[in-house]
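Just below is one structure, and these are the notes that go with it.
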Amino acid sequence: MIDCRREGVAAYDAFIETCRERARPVVLTAVTAILGVLPIAFGMNVEFLSREITLGRRDAMVDQSLHRHRLGLGFATCSR
């Protein structure tokens with residue numbers, strides 16, 4: 001935004017341009033983090049040695065971790 005203002009761009013236009021530049025990295029980071037947590041959310045367990053995939057197994061520690069991730073991602077995405 002500072003660079004745009006130095007070039008003589010109006011404050012509103014500089015703000016819109018900065019939002020366009022910053023929106024993509026923020027959204028991509030949030031989406032990849034959420035997709036990375038989905039297997040934990042669904043309780044997916046992948047056993048590579050026995051080649052088994054099980055769903056629905058979660059324990060209290062995973063639930064607490066998932067809750068913290070969800071709150072952290074929501075706060076980080078909304079606060080930028």
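What you see is a predicted model; the values in this text were computed from it and never measured.
In this structure Arg20 satisfies the salt bridge (Lys or Arg N to Asp or Glu O under 4.0 Å) test together with Glu17, sequence neighbours excluded. Applying the side chain to side chain contact (heavy atoms under 4.5 Å, CB included) rule to Val27 yields the partners Val31; only residues at least two apart in sequence or on another chain are considered. Not counting sequence neighbours, Thr32 has no partner by the side chain to side chain contact (heavy atoms under 4.5 Å, CB included) test.
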